[in-house]
Novice: 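Submitted below is the structure of interest, expressed as structure tokens.
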Amino acid sequence: EPGTQITNVRMMKETVLIEVQPDTIRNSLGKAKITASFTLRNLGNSAENLAVRYPISADNGRGEYPEISSLFVKVNKIQFPFSRVNYPDIRWGSKEVPWAEFQIAFPVDQDVNIEISYFLNGSGYPPFVAYYYLLETGAGWAGTIGSADIILRLPYPASTLNVIKDLQIGWSETSTGGEFTGNEVRWHFSDFEPGPDGPVQNMEFSLVAPEAWQAVIKARGDVDLNPEDGEAWGRLAMAYKRIFFLGKGYRTDAGGETLYSLSIAAYEKCLALKPQDAQWHAGFADLLANRAYWDSWSSGPTQDAIRAIQEIHTALQL
């Protein structure tokens with residue numbers, strides 16, 4: 001256990017892959033497949049036989065204890081049996097939660113490879129979702145963790161539009177330091193001791209829910225196929241708008257500002273093609289007025305507010 005280190009087995013390396021699954025069900029939070037691979041080495045002078053365990057459940061911060069599903073354990077590439085046991089919650093300790101426990105022999109100065117895979121349900125409120133990974137359970141091994149690679153993989157290109165960085169969305173905030181490459185965001189850590197208060201903390205990933213981003217992808221495809229279809233442009237504007245606003249306020253990260261500009265541009269294209277459509281003028285007003293409302297708390301009336309009123313007036317006239 002962290003804080004009661006009694007083993008000479010060190011975690012030399014860990015790689016954690018969080019594969020967000022594609023999802024198109026409206027308002028679904030979706031799920032992710034987690035594959036965590038560990039290389040451990042006994043640096044002592046005698047063999048050790050340890051009851052290794054991995055958390056199945058943890059308090060989600062609201063007094064609920066959701067569990068991971070479809071758990072598989074492999075040791076040196078061979079599927080390995082495990083027992084379901086109860087130990088205190090790693091984060092709070094106020095309640096016992098289920099863990100997977102399995103006996104492993106660690107010969108002296110030999111690598112033992114462990115792979116854990118399972119599915120994790122998303123947390124939060126549509127159209128946004130969060131996934132979590134606890135690093136601090138690795139603090140019980142000898143010394144520091146040699147290296148860790150954390151990989152978030154989306155079913156489409158990853159960007160600041162669909163991965164929310166540098167912004168607390170109410171129940172999570174994406175861990176700092178991730179680098180975008182293709183469909184992935186990657187983090188690398190070396191020679192560290194994980195913990196809730198240290199330089200390397202438990203991992204959090206705040207995303208646009210896969211269903212909501214798939215709606216954006218579809219709407220983009222529709223306007224590419226029919227660039228003179230005003231309704232298609234309106235649907236694209238709505239898809240951007242949906243992932244710009246939060247429950248209270250709007251996204252102030254770099255991706256949020258881009259989404260706001262994209263939504264405005266799509267509404268303008270829609271209304272250029274359908275100038276006499278009251279509903280789309282009202283929809284555009286909704287975007288502008290909601291942004292203006294939140295901005296008014298700090299800056300008073302804005303140009304967006306004036307433009308929103310003009311769009312409302314046009315919609316009512318029509």
Novice: Distance under 6.0 Å and angle within 45° of the ring axis: does Arg53 meet both against Phe102?
Specialist: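 No - Arg53 does not lie over the ring of Phe102 by the 6.0 Å and 45° rule.
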Novice: Do Val97 and Asn86 have side chains that get closer than 4.5 Å, going by heavy atoms?
Specialist: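 Answer no - side chains too far apart.
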Novice: Less than 6.0 Å separating the ring centroids of Trp141 and Phe38?
Specialist: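 Trp141 vs Phe38: aromatic centres not under 6.0 Å.
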Novice: So, Thr39 and Asp111: side-chain donor and acceptor under 3.5 Å apart, yes or no?
Specialist: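 Result is no, nothing qualifies.
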Novice: Is there a donor-acceptor pair closer than 3.5 Å between any side-chain N or O of Glu211 and the backbone N or O of Asn27?
Specialist: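 Pair found, side chain donor or acceptor close to backbone of Asn27.
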Novice: With side chains defined as the heavy atoms from C-beta onward, is the minimum distance between Asn121 and Phe119 less than 4.5 Å?
Specialist: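 Heavy-atom side-chain distance check fails, nothing below 4.5 Å.
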Novice: Any idea which heavy atoms bring Val108 and Ser46 closest together, and the distance?
Specialist: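 Between these two residues, the closest heavy atoms are CG2-C, 3.4 Å.
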Novice: Quick one: does Glu173's side chain get under 4.5 Å of Leu167's, heavy atoms only?
Specialist: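 Side chain of Glu173 against side chain of Leu167, heavy atoms only: no contact under 4.5 Å found.
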Novice: Closer than 4.0 angstrom, basic N to acidic O: yes or no for Asp224 and Lys218?
Specialist: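 So Asp224 does not pair with Lys218 through a salt bridge.
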Novice: Kindly assign one of parallel, tilted or perpendicular to the pair Trp171 and Tyr125, based on the angle between their ring planes and the thresholds 30° and 60°.
Specialist: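 Geometry flag for Tyr125 against Trp171: perpendicular rings.
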Novice: Do Tyr250 and Asp295 meet the criterion of a side-chain donor-acceptor pair at a distance under 3.5 Å?
Specialist: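 Side chains of Tyr250 and Asp295: pair found under 3.5 Å.
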Novice: With a 4.5 Å limit on heavy-atom distance, are the side chains of Val73 and Gln79 in contact?
Specialist: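 With C-beta onward as the side chain, the pair stays apart.
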Novice: Decide side-chain hydrogen bond (donor to acceptor under 3.5 Å, both in side chains) for Glu231 and Trp280; before the verdict, give the C-alpha distance in whole Å, the side-chain angles of both, and the deciding distance to 0.1 Å.
Specialist: CA-CA 9 Å; Glu231 290 286 323; Trp280 287 121; 3.0 Å; yes
Novice: Of the non-hydrogen atoms in Phe106 and Leu40, which two are nearest, and what is the gap between them?
Specialist: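 That would be CE2-CB, 3.9 Å.
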Novice: About how many Å separate CD1 of Ile145 and CZ of Phe192, when rounded to the nearest 0.5 Å?
Specialist: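 Taking CZ in Phe192 and CD1 in Ile145, the distance rounds to 4.0 Å.
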Novice: Do Leu207 and Tyr133 belong together in a cluster built from hydrophobic side chains that touch within less than 4.5 Å?
Specialist: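 Leu207 and Tyr133: one cluster.
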Novice: Is it the case that the ring center of Phe205 lies less than 6.0 angstrom away from the ring center of Tyr131?
Specialist: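 When the ring centroids of Tyr131 and Phe205 are compared, they turn out to be at least 6.0 Å apart.
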Novice: Any carboxylate oxygen within less than 4.0 angstrom of a Lys/Arg side-chain nitrogen, looking at Asp253 and Lys165?
Specialist: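 No.
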Novice: Indicate the atoms forming the closest heavy-atom contact of Pro227 with Lys269, along with that distance.
Specialist: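 For Pro227 versus Lys269, the nearest heavy atoms are O-CE, 3.9 Å.
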Novice: Kindly check if the number of other-residue, nucleotide or ligand heavy atoms within 6.0 Å of CD (Gln279) is above 12?
Specialist: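 No.
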Novice: List the steps, then state whether side-chain contact (heavy atoms from CB on, under 4.5 Å) holds for Leu135 with Val200.
Specialist: CA-CA 8 Å; Leu135 285 174; Val200 180; 3.8 Å; yes
Novice: So, the side chain of Trp187 versus the backbone of Ser175: is there a donor-acceptor pair under 3.5 Å, distance only?
Specialist: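 Yes, Trp187 side chain to Ser175 backbone: donor-acceptor pair under 3.5 Å.
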Novice: Heavy-atom count around His188 NE2 within 6.0 Å, excluding the residue itself: above 12?
Specialist: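 Correct, the count exceeds 12.
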Novice: Kindly indicate whether the side chain of Val185, heavy atoms from C-beta on, has any atom under 4.5 Å from the side chain of Glu179.
Specialist: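 No; the side chains remain at least 4.5 Å from each other.
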Novice: What heavy-atom pair brings Leu134 and Ala58 nearest, and what distance separates the two atoms?
Specialist: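 Nearest pair, atom of Leu134 first, then Ala58: CD1-CB, 4.3 Å.
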Novice: Can you see whether Tyr87 engages Glu101 through a side-chain donor-acceptor pair at a distance of less than 3.5 angstrom?
Specialist: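 On atom types as modelled, these side chains qualify, holding a pair under 3.5 Å.
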Novice: Just wondering, are more than 12 heavy atoms of other shown residues or ligands nearer than 6.0 Å to CG in Leu318?
Specialist: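 Yes, because the 6.0 Å sphere around CG of Leu318 holds more than 12 heavy atoms from other groups.
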Novice: When you measure from the side chain of Lys241 to the backbone N and O of Gly283, does any donor-acceptor pair fall under 3.5 Å?
Specialist: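 Judged by distance alone, yes, a pair lies under 3.5 Å.
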Novice: If I take atom OG from residue Ser57 and atom CD from residue Glu96, how far apart are they, to the nearest 0.5 angstrom?
Specialist: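 Output value for this atom pair is 12.5 Å.
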Novice: Would Glu19 and Lys31 pass as an ion pair if we require N to O under 4.0 Å?
Specialist: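 Between Lys31 and Glu19 there is no salt bridge, as every charged N stays at least 4.0 Å from the carboxylate O atoms.
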Novice: Considering only heavy atoms from C-beta outward, does the side chain of Val52 approach that of Val75 to under 4.5 Å?
Specialist: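 Side-chain contact under 4.5 Å: no.
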Novice: Could you check if a side-chain atom of Leu154 sits within less than 4.5 angstrom of a side-chain atom of Leu152, using non-hydrogen atoms only?
Specialist: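 Yes. Closest side-chain heavy atoms under 4.5 Å.
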Novice: Quick one: does Asn162's side chain have a donor or acceptor within less than 3.5 Å of a partner on Ala158's backbone?
Specialist: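 Such a contact is absent between Asn162 side chain and Ala158 backbone.
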Novice: With side-chain contact (heavy atoms from CB on, under 4.5 Å) as the test, pick out the partner of Leu288 among Thr302, Ile306, Asp304.
Specialist: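 The side-chain contact (heavy atoms from CB on, under 4.5 Å) with Leu288 is passed solely by Asp304 among Thr302, Ile306, Asp304.
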Novice: Return yes if some donor-acceptor pair links the side-chain N/O of Asn8 with the main-chain N/O of Ala142 below 3.5 Å, else return no.
Specialist: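 Checking the backbone N and O of Ala142 against the side chain of Asn8, no donor-acceptor pair under 3.5 Å is found.
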Novice: Would you please name every residue forming a ring pair (Phe, Tyr, Trp, His ring centres under 6.0 Å) with Phe284, sequence neighbours left out?
Specialist: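 Counting only residues at least two positions away or on another chain, Phe284 forms a ring pair (Phe, Tyr, Trp, His ring centres under 6.0 Å) with Tyr267.
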Novice: For the side chain of Ser28 and the backbone of Gly30, is there at least one donor-acceptor N/O pair under 3.5 Å apart?
Specialist: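 Such a contact is found between Ser28 side chain and Gly30 backbone.
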Novice: If only atom types and distance count, is the side chain of Ser190 paired as donor or acceptor with the main-chain N or O of Ser147 below 3.5 Å?
Specialist: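 No, the answer is negative, given that no donor and acceptor are paired below the 3.5 Å cut-off.
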Novice: Are any side-chain N or O atoms of Asn226 and backbone N or O atoms of Asp229, one a donor and one an acceptor, separated by less than 3.5 Å?
Specialist: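 No: the side chain of Asn226 does not pair with the backbone of Asp229.
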Novice: Same cluster for Leu17 and Ile116 if Ile/Leu/Val/Met/Phe/Trp/Tyr side chains link at under 4.5 Å?
Specialist: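 Per the 4.5 Å side-chain linkage, Leu17 and Ile116 are not co-clustered.
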Novice: Could you tell me whether the side chain of Glu48 and the main chain of Leu50 form a donor-acceptor pair under 3.5 Å?
Specialist: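 Here the side-chain-to-backbone pair does not exist.
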Novice: When rounded to the nearest 0.5 angstrom, what distance separates CD in Gln201 from OG1 in Thr176?
Specialist: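 Gln201 CD to Thr176 OG1: 8.5 Å, rounded to 0.5 Å.
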Novice: Would one find more than 12 heavy atoms of other residues, nucleotides or ligands at under 6.0 Å from atom CD of Gln303?
Specialist: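 Count not over threshold, so no.
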Novice: Rounded at 0.5 Å granularity, tell me how far OG1 in Thr137 sits from CE in Met11.
Specialist: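 It is 7.0 Å, given to the nearest 0.5 Å.
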Novice: Looking only at non-hydrogen atoms, find the nearest pair between Gly122 and Val129 and report the distance.
Specialist: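 Nearest heavy atoms, Gly122 then Val129: CA-CG2, 3.5 Å.
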Novice: Can you see which heavy atom on Ala212 is nearest to which on Pro127, and at what distance?
Specialist: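 Shortest heavy-atom contact: CB-CB, 3.7 Å.
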Novice: Hey, are the side chains of Asn183 and Pro155 touching, using non-hydrogen atoms and a 4.5 Å cut-off?
Specialist: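 They are not in side-chain contact.
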Novice: Taking everything shown except Met238 itself, do over 12 heavy atoms lie less than 6.0 Å from its CE?
Specialist: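 No, because the 6.0 Å sphere around CE of Met238 holds 12 heavy atoms or fewer from other groups.
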Novice: Donor-acceptor check, side chain of His281 to backbone of Leu271, threshold 3.5 angstrom: yes or no?
Specialist: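 Side chain of His281 to backbone of Leu271, a donor-acceptor pair under 3.5 Å: no, none is there.
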Novice: Are Tyr260 and Arg291 close enough that a side-chain donor and a side-chain acceptor fall under 3.5 Å?
Specialist: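 Side chains of Tyr260 and Arg291: no pair found under 3.5 Å.
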Novice: Working note: Leu246 + Arg251, criterion side-chain contact (heavy atoms from CB on, under 4.5 Å); need CA distance, chi angles, decisive distance, verdict.
Specialist: CA-CA 6 Å; Leu246 301 172; Arg251 286 176 54 181; 3.9 Å; yes
Novice: What's the separation between atom CD in Gln103 and atom CZ in Phe82, rounded to the nearest 0.5 Å?
Specialist: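 The distance works out to 14.5 Å.
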Novice: Measure the CZ-CZ distance between Arg186 and Arg153 for me, rounded to the nearest 0.5 Å.
Specialist: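 Answer rounded to 0.5 Å: 7.0 Å.
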Novice: Any salt bridge between Arg307 and Glu268, counting N to O under 4.0 Å?
Specialist: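 Judged by the 4.0 Å cut-off on N to carboxylate O distance, Arg307 and Glu268 do form a salt bridge.
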Novice: Between the side chains of Ser117 and Thr35, is a donor N or O closer than 3.5 angstrom to an acceptor N or O?
Specialist: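 Not at all, the side chains of Ser117 and Thr35 share no donor-acceptor pair under 3.5 Å.
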Novice: Going through the checks in order, is the side-chain contact (heavy atoms from CB on, under 4.5 Å) test met by Ile164 and Phe128?
Specialist: CA-CA 9 Å; Ile164 304 170; Phe128 304 105; 3.6 Å; yes
Novice: Does the pair Phe180 and Val163 meet the rule for a side-chain contact (heavy atoms from CB on, under 4.5 Å), with working shown?
Specialist: CA-CA 10 Å; Phe180 290 87; Val163 179; 4.0 Å; yes
Novice: Does NZ or CZ of Lys74 come closer than 6.0 Å to the centre of the six-membered ring of Phe80, within 45° of the ring's axis?
Specialist: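 The answer is no; the distance or angle limit is not met.
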